[in-house]
Amino acid sequence: MSEVRVRFAPSPTGFFHIGSARTALFNWLYAKHTGGQFILRVEDTDKERNTEEALQVLIEGMQWLGLDWDEGPGKGGQFGPYFQSQRSAVYEEYLNLLKSKNRVYEKEGALWFRLEGERYIEYDDFKKAEVEKVKNTPVVIDDAIRGRVERTEERDFVIVRSNGEPVFHFVNVVDDISMNITHVIRGEDHLSNTSKHVELFKAFGVKPPIFAHIPLILKESGPGKMSKRDKGALIEEYQKRGFVSDAVCNYICLLGWNPKDDQEKMSIQTIIERFDFDGINKGNARFDEQKLAALNSEYLKELSIETLTQLALPELEEAGCVTDQTDREYLHSVLRLVQPKIKSLDTLADYVGYFFQERYEEDAKALARIQKNGDAKNLLLEIMEVFEAQEAYTSEQLEETLTQIASKHQRKLFAYFPIIRFAISGRSGGPDLLPLLAVMGRDRVLSRLRAFLENTSI
RNA sequence: CUCCCGUUCGUCUAGCCCGGCCUAGGACACCAGGUUUUCAUCCUGGCGACAGGGGUUCGAAUCCCCUACGGGAGGCCA
């Protein structure tokens with residue numbers, strides 16, 4: 001039994017598309033699941049757009065998702081080189097092989113692959129021209145996901161352009177042969193092309209690998225598959241926005257694959273164990289950012305405070321909440337406080353801004369609501385009296401004092417909450433109030449309460 | 001225009017291969033309550049689907065055929 005060898009063969013375009021990422025992920029999972037090898041092969045034949053930076057985007061994206069490769073760029077391997085731009089000699093060799101079998105001919109400067117079978121001319125309504133077709137026997141693809149698929153390839157096709165560059169179908173097959181690829185896991189958009197590939201495998205006299213065509217990811221709204229310009233399409237965006245990479249991985253897996261027992265949130269280790277072709281769906285899946293966000297928030301809640309801080313820091317720094325001067329202890333305690341509540345990191349700065357900045361916006365509507373209930377000023381004055389005197393600001397002690405003044409003034413404990421919250425944060429919602437006060441600490445709380453009493457007419 | 005693939009709640013999906021246990025299960029979203037302050041928290045409940053039509057069968061979401069719809073491919077792009 002030979003070892004499983006799968007590959008991810010992206011063309012660096014400067015973006016790391018979520019669909020590509022999932023193809024990479026499924027290949028990687030299959031390799032891990034079977035104990036096989038995962039190969040990264042860069043299809044950089046299109047010199048125009050394949051730049052060094054474009055490659056970097058791809059590699060960073062792969063690393064961010066935790067998809068390491070056994071052979072490929074930066075890693076080497078005995079089947080290299082792993083850049084198609086460096087494999088001309090291999091292509092030359094295989095081209096000669098085809099030529100020796102009389103399967104190549106030249107037309108208009110390009111090299112064409114010759115199908116076997118009887119030829120005839122037919123008008124083609126798509127090409128709007130007379131074209132030569134071949135009466136060919138159908139190719140049978142025994143797809144690991146879709147089952148038996150039959151398709152007839154009925155026209156010769158170009159394998160080397162007139163400028164000398166070999167085309168995708170050719171290099172793809174040659175590389176899969178010369179790299180001993182055993183399973184080709186790729187998007188369904190390649191299913192129709194597979195008949196070309198199988199014809200080439202047959203011409204080379206090589207048994208084709210096992211094909212597994214995975215469903216496509218459709219854009220969130222509107223028709224068609226997801227493309228680079230669609231919302232949520234780029235992996236690097238999630239990275240920038242502070243998504244948990246494990247959450248993104250987990251979500252992408254769920255787009256077209258599931259373990260069949262309603263499990264959704266799974267560690268990558270669990271997914272590796274459970275991943276297999278029979279869990280992959282045939283139908284295309286529509287991308288749903290809300291579901292991703294929900295999963296991501298579950299992951300956020302489990303992060304260690306150090307990891308959470310690391311993820312949140314760029315956003316907080318950019319918003320000016322946090323600087324080098326910010327006390328790390330304080331930052332940690334704020335994040336620990338809000339962690340059970342947060343849903344995403346890309347709006348975190350707005351949610352916690354007031355912890356760090358003395359100037360923050362006040363929500364006029366919230367204030368109006370509080371004033372409607374009346375007595376706001378008295379409530380605050382009653383509090384000031386005891387808060388000033390109090391030294392210890394733990395959640396429990398604050399509750400005790402508040403309970404005392406409440407009974408002294410014959411009020412409900414919670415009568416004080418809204419106005420306190422507003423006076424120190426300018427809003428009506430947020431983390432639980434008592435722990436919040438404890439985190440902010442005596443000095444901050446007192447100075448904000450004083451400032452509020454002075455500056456705001458209530 | 002041709003060929004290929006697909007079609008279960010709004011969305012991701014379980015069930016389909018091996019027909020009865022399906023009054024079709026879960027999750028996200030949404031709605032309603034609750035959590036003796038707030039909610040970008042948590043809990044409970046609700047809403048909500050077998051694309052349509054024909055077969056086969058005692059019995060079909062499950063098997064077969066047709067139609068419709070969706071997706072993909074048909075490049076000297078990958």
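- Heavy atoms of A:Gln290 sit under 4.0 angstrom from primed sugar atoms or phosphate atoms, though from no base atom.
- The nucleotide whose nearest atom lies closest to any side-chain atom of A:Arg286 is, among B:rA78, B:rC12, B:rC76, B:rC12.
- Heavy-atom minimum distance, A:Tyr354 versus A:Pro431: OH-CD, 3.6 Å.
- Rounded to whole Å, atom C1' of B:rA73 lies 12 Å from atom CZ of A:Arg186.
- Nearest heavy-atom pair, A:Ser20 versus A:Phe16, reported as atom, atom and distance to 0.1 Å: CB-CE1, 4.0 Å.
- Side-chain proximity of A:Lys343 to B:rA78, B:rU41, B:rG25: nearest is B:rU41.
- Of the C1' atoms belonging to B:rG33 and B:rG25, the separation is 24 Å, rounded to the nearest Å.
- Judged by atom type and distance alone, A:Ser192 does not reach the base of B:rG74 through any side-chain donor-acceptor pair under 3.5 Å.
- Atom-to-atom distance recorded for A:Thr137:OG1 and A:Lys202:NZ is 4.5 Å, nearest 0.5 angstrom.
- Within the nucleic acid shown, A:Gly109 has no heavy atom closer than 4.0 Å to any nucleic acid atom.
- With centres under 5.5 Å and a plane angle under 30° as the test, the ring of A:Tyr351 is not stacked against the base of B:rA40.
- Less than 4.0 Å separates RNA chain B from at least one heavy atom of each of the following residues of residues 131-159 of chain A: A:Arg146, A:Val149, A:Glu150, A:Arg151, A:Val158.
- Here the side chains of A:Leu436 and A:Ile424 are in contact, with some heavy-atom distance below 4.5 Å.
- For A:Asp350, taking side-chain heavy atoms from C-beta onward, the closest of the listed nucleotides B:rA40, B:rG71, B:rA27 is B:rA40.
- Separating the NZ atom of A:Lys225 from the C1' atom of B:rC5 is a distance of 14 Å, rounded to the nearest angstrom.
- Residue A:Ser344 is classed as a base contact, given a heavy-atom separation below 4.0 Å to a base.
- Residue-level contact check: A:Lys341 touches the bases, meaning some heavy atom is under 4.0 Å from a base atom.
- When heavy atoms are screened at a 4.0 angstrom cut-off, A:Lys127 is found touching the sugar-phosphate backbone but no base atom.
- With rounding to whole Å, A:His213 atom NE2 is found 12 Å from B:rC5 atom P.
- Using a 4.0 Å heavy-atom cutoff across all strands shown, A:Ala294 reaches sugar-phosphate atoms only and no base atom.
- Within 4.0 Å of A:Gly283, counting heavy atoms only, lie sugar-phosphate atoms of the nucleic acid but no base atom.
- Among the atoms of the strands shown, none is found under 4.0 Å from any heavy atom of A:Ser195.
- Nearest to the side chain of A:Phe417, among B:rA78, B:rG25, B:rU37, sits B:rU37.
- Using a 4.0 Å heavy-atom criterion, one finds that A:Pro215 contacts no nucleic acid atom at all.
- Remark: P of B:rG26 and CG of A:Asn258 are 15 Å apart, rounded to the nearest angstrom.
- Backbone-only contact: A:Asn281 has heavy atoms under 4.0 Å from sugar-phosphate atoms and none from a base.
- Ranking B:rG71, B:rA78, B:rC12 by closeness to the A:Phe168 side chain, first place goes to B:rA78.
- Between the side chain of A:Lys291 and the base of B:rA27, a donor-acceptor pair under 3.5 Å is found.
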